[in-house]
Amino acid sequence: MMRRRDFITLLGGAAAAWPIAARAQQAGVPVIGFLRGASLDGIADDLRAFREGLKVAGYVEGENVSIEYRAADNRIDRLPGLIADLLRRRLAVIAATDNASARAAKAATSTIPVVFLVGSDPLSLGLVASLARPGGNLTGINFFAAELVAKRLELLRDLVPGATRFAVLVNPADAEVTEATLRDAQAAARAMNVQIRPLEASSSREIDATFATFVNERPDALSVAPGPFFTSRRVQLTHLATFHRVPAIYSGRQSAEAGGLMSYGASLTDAFHHIGVYAGRILKGAKPADLPVEQSTKFELVINAQTARILGLTVPEKLLAAADDVIE
């Protein structure tokens, strides 16, 4: 018969060995580091699309792949610490889901594969050597955030034909998108023979202050630049635009769904699905250097008809016909 002392010794040894066994069991499960400079709030559909993309390669979170989520909540200075923490997890791949996190990932590692989702030209961001053959440890998706500024201004003009003074709201903390947005907006303004008034905001308080200026000088229409910060503040932006009765267009459908008048841009849900597919392919053995940077091909025009009525606007039939979704 086993003596009590021997039993306790055996039990203690088993307890000490259990964490080691558990770690060994998990060692075969690849880990994806999901990094975001913005917040994770409000992107549930995008996260679901990312996981569905992983499933294309046969990977299911919690079964044969683990995902570590980190977000800087628009405090970009936090990104180096967040990615340093992720790198201690022995990652198989990093999913960097905005411009800031992609740059941080590139600066942090030259060996771990990185799949990025960016709204600016990856070449100008210095992420890849070429779109067809990225060459290093990064590849991903460009969803043309800033390049669609002219189209958004044209759509605003179609909805508000008499508009001649257009305000363009940019986030100066997002330098690449701001530069591209204002450059394209000025070129479009010259072609349309209208005036452009650049406005800047990089905090909730600055957004409030910007709209407060509309009391004395209200623009005919407003185009809000793309970017994670403005997406995270979409409720504030759409409420202020409606309160000041300013027709506004945004880059993502989330803003139209939150009460914004209109949005036009690449489908972020589709783009998140694609980076999930790429992450899965890399887990299967593909090299980022051999995976060309993809560019979004699915674009959505969403019109909030209820907001249009509140603003006293009649949406032209050609816009309704062109819309991918009309929110009633």
Side-chain angles (χ1 to χ4, degrees), residues 38-39 41-42 74 145-146 148-174 177-178 181-182 184-186 188-189 192-265 301-316 319-320 323 325-328:
S39 169
D41 293 340
N74 297 307
L148 302 175
V149 175
K151 179 64 175 178
R152 295 187 188 105
L153 292 179
E154 291 173 6
L155 289 167
L156 269 177
R157 186 67 174 273
D158 289 340
L159 185 53
V160 191
T164 59
R165 296 172 301 151
F166 289 80
V168 178
L169 181 62
V170 296
N171 174 14
D174 196 344
V177 171
T178 293
T181 296
L182 294 180
D184 291 353
Q186 294 291 356
M192 296 167 60
N193 195 27
V194 299
Q195 298 175 358
I196 290 293
R197 177 188 171 194
L199 302 171
E200 294 186 349
S202 56
S203 69
S204 177
R205 182 175 299 178
E206 290 178 355
I207 290 174
D208 285 336
T210 294
F211 275 88
T213 67
F214 291 178
V215 174
N216 296 320
E217 189 180 355
R218 188 172 69 89
D220 296 325
L222 168 68
S223 177
V224 178
F229 170 65
F230 287 148
T231 300
S232 71
R233 302 307 306 168
R234 59 189 177 276
V235 173
Q236 178 186 12
L237 287 164
T238 57
H239 284 185
L240 284 169
T242 303
F243 176 79
H244 288 279
R245 302 189 67 80
V246 176
I249 190 167
Y250 309 83
S251 63
R253 69 176 297 131
Q254 302 102 314
S255 295
E257 291 171 346
L261 174 63
M262 184 164 50
S263 68
Y264 180 75
L301 170 61
V302 181
I303 298 172
N304 192 312
Q306 184 179 31
T307 301
R309 288 192 292 271
I310 292 172
L311 296 176
L313 296 171
T314 300
V315 182
L319 279 184
L320 292 173
D325 195 5
V326 177
I327 299 172
E328 293 291 349

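Excluded from the calculations below are hydrogen atoms, water molecules and symmetry mates; all remaining heavy atoms, backbone and side chain alike, are included.
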*Asks:* Mind checking whether Leu313 and Pro247 have side chains closer than 4.5 Å, heavy atoms only?
*Replies:*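 Leu313 reaches Pro247 side chain to side chain.
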
*Asks:* With heavy-atom distances below 4.5 Å as the criterion, would you say the side chains of Pro198 and Val170 are in contact?
*Replies:*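 Pro198 vs Val170: side chains apart.
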
*Asks:* Quick one: CZ on Arg233 to CD1 on Ile207, what's the gap to the nearest 0.5 Å?
*Replies:*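 Arg233 CZ to Ile207 CD1: 6.0 Å, rounded to 0.5 Å.
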
*Asks:* Where do Asn74 and Pro228 come nearest, in terms of heavy atoms and distance?
*Replies:*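 Shortest heavy-atom contact: OD1-C, 4.2 Å.
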
*Asks:* Mark yes or no for whether Asn304, through its side chain, and Ala256, through its backbone, hold a donor-acceptor pair below 3.5 Å.
*Replies:*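 Pair found, side chain donor or acceptor close to backbone of Ala256.
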
*Asks:* Might you point out which heavy atoms bring Ile196 and Ala189 nearest each other, and give the distance in Å?
*Replies:*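 Answer, listing the atom of Ile196 first, then Ala189: CG1-CB, 3.2 Å.
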
*Asks:* With the side chain counted from C-beta on, respond yes when Tyr250 and Thr238 share a heavy-atom pair under 4.5 Å apart, and no when they do not.
*Replies:*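 Yes; the side chains approach each other to less than 4.5 Å.
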
*Asks:* Can you give me the closest heavy-atom contact between Thr314 and Leu159, atom names plus distance?
*Replies:*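 Between these two residues, the closest heavy atoms are O-CD1, 4.0 Å.
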
*Asks:* Give a yes or no on whether the backbone of Gly259 and the side-chain of Arg234 come within a donor-acceptor separation of less than 3.5 Å.
*Replies:*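 Answer holds: no.
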
*Asks:* Kindly state each residue pair satisfying salt bridge (charged side-chain N to carboxylate O under 4.0 Å, His left out) with at least one member in residues 301-314, sequence neighbours excluded.
*Replies:*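 Those involving residues 301-314 are Arg309-Glu328.
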
*Asks:* Take Leu301 and Met262 through the side-chain contact (heavy atoms from CB on, under 4.5 Å) test and state the conclusion after the steps.
*Replies:* CA-CA 7 Å; Leu301 170 61; Met262 184 164 50; 3.8 Å; yes

*Asks:* Going from CZ on Phe230 to CG on Asp174, what distance comes out if it is rounded to the nearest 0.5 angstrom?
*Replies:*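 One finds 9.0 Å between CZ of Phe230 and CG of Asp174.
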
*Asks:* I need the Glu154 CD to Ile249 CD1 distance, nearest 0.5 Å.
*Replies:*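 Nearest 0.5 Å value for the CD-CD1 distance: 10.0 Å.
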
*Asks:* For Ser251 and Ser263, which heavy atoms make the closest approach, and how far apart are they?
*Replies:*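 So the minimum-distance heavy-atom pair works out to C-CB, 4.5 Å.
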
*Asks:* Is the side chain of Thr210 donor-acceptor paired with the backbone N or O of Glu200 at a distance under 3.5 Å, no angle test?
*Replies:*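 Judged by distance alone, yes, a pair lies under 3.5 Å.
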
*Asks:* Would you compute the distance between atom CG of Leu222 and atom CG of Leu156 and round it to the nearest 0.5 angstrom?
*Replies:*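 One finds 8.0 Å between CG of Leu222 and CG of Leu156.
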
*Asks:* Roughly how far, to the nearest 0.5 Å, is the CD1 atom of Ile303 from the CG atom of Leu155?
*Replies:*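 Output value for this atom pair is 8.0 Å.
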
*Asks:* Which value, rounded to the nearest 0.5 Å, describes the distance between Asp158 atom CG and Leu153 atom CG?
*Replies:*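 Taking CG in Asp158 and CG in Leu153, the distance rounds to 11.0 Å.
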
*Asks:* Would a 4.5 Å heavy-atom cut-off, applied to side chains only, mark Pro219 and Phe166 as touching?
*Replies:*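 No, side chains not in contact.
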
*Asks:* Taking the side chain as C-beta and beyond, is there a heavy-atom pair between Phe211 and Leu237 under 4.5 Å?
*Replies:*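 Heavy-atom side-chain distance check passes, below 4.5 Å.
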
*Asks:* Ignoring hydrogens and geometry, is there a side-chain-to-backbone donor-acceptor pair from Arg157 to Met192 under 3.5 Å?
*Replies:*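 Yes: the side chain of Arg157 pairs with the backbone of Met192.
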
*Asks:* If you look at every heavy atom in Asn171 and Ser202, which pair is closest and at what distance?
*Replies:*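 It is OD1-CB, 3.0 Å.
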
*Asks:* Which residue pairs pass the salt bridge (charged side-chain N to carboxylate O under 4.0 Å, His left out) test when at least one of the two sits in residues 206-228, sequence neighbours left out?
*Replies:*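 Every pair satisfying salt bridge (charged side-chain N to carboxylate O under 4.0 Å, His left out) with a residue in residues 206-228: Arg165-Asp220.
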
*Asks:* Which residues satisfy the salt bridge (Lys or Arg N to Asp or Glu O under 4.0 Å) test with Glu257, sequence neighbours excluded?
*Replies:*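 Counting only residues at least two positions away or on another chain, Glu257 forms a salt bridge (Lys or Arg N to Asp or Glu O under 4.0 Å) with Arg253.
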
*Asks:* Could you tell me which non-hydrogen atom of Tyr264 sits nearest to which non-hydrogen atom of Arg152, and how far apart they are?
*Replies:*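 So the minimum-distance heavy-atom pair works out to O-NE, 2.7 Å.
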
*Asks:* Using a 3.5 Å distance criterion without hydrogens, assess whether the side chain of Gln236 forms a donor-acceptor pair with backbone atoms of Ser204.
*Replies:*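 At least one qualifying donor-acceptor pair exists.
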
